[in-house]
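What follows is a short report on a single structure.
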Amino acid sequence: MKGSTTGSRLLGVILVAASLLFFAWSFSYGGMAGFVPLVLAFPTVVLAALCLAGERYPAIMSAFEVSLEDVLAGAATGEHDVEESEAQEGPKAGELKLIVRMFVWFGVFGVLVFISGFYISTLLFAVFFTRYQGRIGWPGTVFITALALGFFYFIFEETLAVDLFAGVIFGAFIPPL
């Protein structure tokens with residue numbers, strides 16, 4: 001597996017497993033509630049499996065001119081030069097640290113959703129993530145946050161008529177697991 005790293009394969013396997021889990025769970029929800037995780041999980045499974053296959057068989061990914069390893073390396077270093085990252089072999093510096101950092105960000109988001117609800121959590125997460133992880137200026141941060149909130153509101157509230165979790169501090173019912 002020349003050029004492939006353990007970190008990118010681990011991330012791909014975790015992404016495929018989590019997406020398959022959400023895909024399977026989507027059939028247990030009643031009405032239109034199962035539609036959202038199904039629509040999100042299916043393309044995620046397909047794309048993550050494609051990335052995993054591309055790590056093993058590079059000819060697959062050469063059709064798309066992308067590699068999960070290049071994406072992780074570029075995100076870790078803030079660089080976007082593919083030729084430079086292709087010249088290096090072996091594990092990229094900071095790749096595992098970046099993966100752990102992403103899981104911490106999304107773990108914090110999950111805790112925020114539980115405590116304060118989806119919309120407040122999305123607002124806080126989008127602002128902090130774009131400012132500190134993405135290093136985006138305030139105009140971009142405001143735009144991305146407004147876009148995310150508007151997208152979620154339109155899809156869930158207006159289109160699907162689904163009330164998102166309000167958070168325990170607002171008296172939301174905690175569903176049994």
Residues two or more places apart in sequence or in another chain: which of them pass side chain to side chain contact (heavy atoms under 4.5 Å, CB included) with [X]?
| X | value |
| --- | --- |
| Val142 | none |
| Val168 | Phe114, Phe165, Ile174 |
| Phe106 | Phe125 |
| Ala41 | Phe22, Phe23 |

Taking [Y] as the starting point, is it possible to reach [X] by hopping between hydrophobic residues whose side chains are less than 4.5 Å apart?
| X | Y | value |
| --- | --- | --- |
| Leu123 | Val113 | yes |
| Val111 | Phe129 | yes |
| Leu98 | Val108 | yes |
| Val46 | Leu15 | no |

> For residues 13-23, which residue pairs qualify under side chain to side chain donor-acceptor pair (under 3.5 Å), counting only residues two or more places apart or in two chains?
Replying inline: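 Every candidate side chain to side chain donor-acceptor pair (under 3.5 Å) pair involving residues 13-23 fails, so no pair, neighbours aside, qualifies.
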
> Can you pull the side chain to side chain donor-acceptor pair (under 3.5 Å) pairs that have at least one residue in residues 109-124, sequence neighbours excluded?
Replying inline: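 Listed once each, the pairs are Ser116-Ser121, Tyr119-Glu157.
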
>> Give me the atom names and distance for the closest heavy-atom approach of Trp25 to Ser28.
In response: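 For Trp25 and Ser28, the tightest heavy-atom pair comes out as O-OG, 2.7 Å.
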
> Which heavy-atom pair separates Pro43 from Leu40 by the least distance, and what is that distance?
Replying inline: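 So the two residues come closest at CD-O, 3.7 Å.
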
First locate atom [atom1] of [X], then atom [atom2] of [Y], and finally report the distance between them rounded to the nearest 0.5 Å.
| X | Y | atom1 | atom2 | result |
| --- | --- | --- | --- | --- |
| Tyr132 | Thr141 | OH | OG1 | 9.5 Å |
| Phe103 | Ile14 | CZ | CD1 | 4.0 Å |
| Ile144 | Leu149 | CD1 | CG | 12.0 Å |
| Phe128 | Leu112 | CZ | CG | 9.0 Å |
| Leu52 | Leu47 | CG | CG | 11.5 Å |
| Leu20 | Phe42 | CG | CZ | 10.5 Å |

Go through the structure and list residues passing side chain to side chain donor-acceptor pair (under 3.5 Å) with [X], not counting sequence neighbours.
| X | value |
| --- | --- |
| Tyr153 | Glu158 |
| Thr145 | none |
| Ser26 | none |
| Trp105 | Gln133 |

> Would a 4.5 Å heavy-atom cut-off, applied to side chains only, mark Leu147 and Phe151 as touching?
Replying inline: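 Answer no - side chains too far apart.
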
>> Starting from Trp138 and following side-chain heavy-atom contacts under 4.5 Å between hydrophobic residues (I, L, V, M, F, W, Y), which residues can be reached?
In response: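 For the cluster that includes Trp138, the remaining residues are Val127.
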
> Ignoring hydrogens and geometry, is there a side-chain-to-backbone donor-acceptor pair from Arg131 to Ile136 under 3.5 Å?
Replying inline: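 Present.
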
